[in-house]
Protein chains: 2
Amino acid sequence: MELNTAADSLAALGHDTRLAIYRLLVQAGSEGLNAGVISARLALAPATLSFHLAHLTRTGLAVSRPEGRFIYYRADYARMNELLGFLTANCCAGEPCATTDTCCPQGEPA
Amino acid sequence: MELNTAADSLAALGHDTRLAIYRLLVQAGSEGLNAGVISARLALAPATLSFHLAHLTRTGLAVSRPEGRFIYYRADYARMNELLGFLTANCCAGEPCATTDTCCPQGEPA
DNA sequence: TCGATAATTCCAGAATAATGGAAATATATG
DNA sequence: CATATATTTCCATTATTCTGGAATTATCGA
């Protein structure tokens, strides 16, 4: 993953409202949630929600699927894990990193 | 970790220059790097670097330690892992999430 | 103590992002 | 077909963030 792409994704998550939306999607699982449900749960104006959903979708963190009049959004878990991997990759300068404070509790990722 | 705090941290990482700085710190390990080294490696104006380092420090992702005329910065790995944990917590709506595409390859975190 | 080096703070201009009302698009239902 | 519902797009306003030159603070070495 390019630094540039990772930064875009992190910026997408770096906003209270978008992060709240994203967490709903992560928790919702593979079914996802439609825009109306999200709008109701977070009390967001439709235009505002649309703006943020578009942002999450543009960066690949969320994926949309039309279903009749509704549009369902779900978190792309593969994308999420790529992003998490990017942050920890090549960490700790070769120190045994599972023991250096709490870096990489599962050991240095590939 | 509060949503609000997580969003601030993610926003801090959601900028090309800051993410580049943070990755240098993550790779540098517990010694960290001083501002001059970072400035040289990324070709940043001192004021600009200072601004971004302050941002990373304010959110707790980086920690500074003065050493003579130099100020060393290092990544706070514990903080990083809290943040990563926040993103995946309660994921996948109870589906067996290690098998749902690639969510939580190590299984649902606590 | 003085000059050099490291880094920060101050500041203002430039750029970018967020918000939500209103109009537009699309689908469903009677 | 007409109406209701779901969502998006358009647009203008407001707010926030980024950038880097210049001044400032602090430490080092001769």
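Here is how names work: the chains are called A, B, and so on, in the same order as the sequence lines, proteins then strands, and each is numbered from 1.
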key: Sole residue of A:Leu61, A:Leu56, A:Asn4 in side-chain contact (heavy atoms from CB on, under 4.5 Å) with A:Ser9   = A:Leu61
inquiry  = Quick check on B:Glu2: does its CD atom have over 12 non-hydrogen neighbours (other residues, nucleotides or ligands) under 6.0 Å away?
reply    = no
task = Please work out which residues in residues 19-27 of chain B have a non-hydrogen atom less than 4.0 Å from an atom of DNA chain C and list them by number.
result = none
Heteroatom pairs (N/O) under 3.5 angstrom, protein to nucleotides 26-30 of chain C:
none

Once you round it to whole Å, what is the distance between [atom2] of [N] and [atom1] of [X]?
X       : N      : atom1 : atom2 : result
B:Asp16 : C:dA15 : CG    : P     : 17 Å
A:Leu42 : D:dT7  : CG    : C1'   : 16 Å
B:Phe70 : D:dC28 : CZ    : C1'   : 9 Å
B:Tyr72 : C:dA7  : OH    : P     : 8 Å
B:Arg65 : D:dT27 : CZ    : P     : 16 Å
A:Leu56 : C:dA17 : CG    : C1'   : 14 Å

Looking at every heavy atom in both [X] and [Y], which two are closest together, and how far apart are they?
X       : Y       : result
A:Ala6  : B:Leu19 : CB-CD2, 3.8 Å
A:Leu25 : A:Ala75 : CB-N, 3.8 Å
B:Phe70 : B:Asn34 : CD2-ND2, 3.6 Å

request  = Indicate yes or no for a side-chain donor-acceptor contact from A:Glu95 to the backbone of B:Gly29 under 3.5 Å, with no hydrogens or angles considered.
outcome  = no
Could I get a table of every N or O pair under 3.5 Å where one atom is in the protein and the other is in nucleotides 14-20 of chain D?
| residue | atom | partner | partner atom | Å |
| --- | --- | --- | --- | --- |
| D:dC18 | OP1 | B:Arg18 | NH1 | 3.3 |
| D:dC18 | OP1 | B:Arg18 | NH2 | 2.8 |
| D:dC18 | OP2 | B:Arg18 | NH1 | 3.3 |
| D:dT19 | OP2 | B:His52 | NE2 | 2.5 |
| D:dG20 | OP2 | B:Thr48 | OG1 | 3.1 |

message = Go through it in stages, so that I can follow the logic: the residues are B:Leu49 and B:Ile21, the test is side chain to side chain contact (heavy atoms under 4.5 Å, CB included), and I'd like the CA-CA distance, side-chain angles, deciding distance and then a yes or no.
response = CA-CA 9 Å; B:Leu49 176 62; B:Ile21 294 169; 3.6 Å; yes
task = Considering just the side-chain nitrogens and oxygens of A:Tyr73, establish if one lies under 4.0 Å of OP1 or OP2 belonging to D:dT8.
result = yes
ask   = Between A:Asn34 and D:dT7, does any side-chain N or O lie under 4.0 Å from OP1 or OP2?
value = yes
message = Taking salt bridge (charged side-chain N to carboxylate O under 4.0 Å, His left out) as the cut-off, I'd like each qualifying pair that reaches into residues 7-34 of chain B, sequence neighbours left out, listed once.
response = none
remark   = Quick note, salt bridge (charged side-chain N to carboxylate O under 4.0 Å, His left out) partners involving residues 78-91 of chain B, not counting sequence neighbours, are B:Arg79-B:Glu82
ask   = In terms of the angle between their ring planes, are A:His55 and A:Phe51 parallel, tilted or perpendicular, with boundaries placed at 30° and 60°?
value = perpendicular
key: ring pair (Phe, Tyr, Trp, His ring centres under 6.0 Å) partners of residues 3-31 of chain B, not counting sequence neighbours, each pair once   = B:His15-B:His52
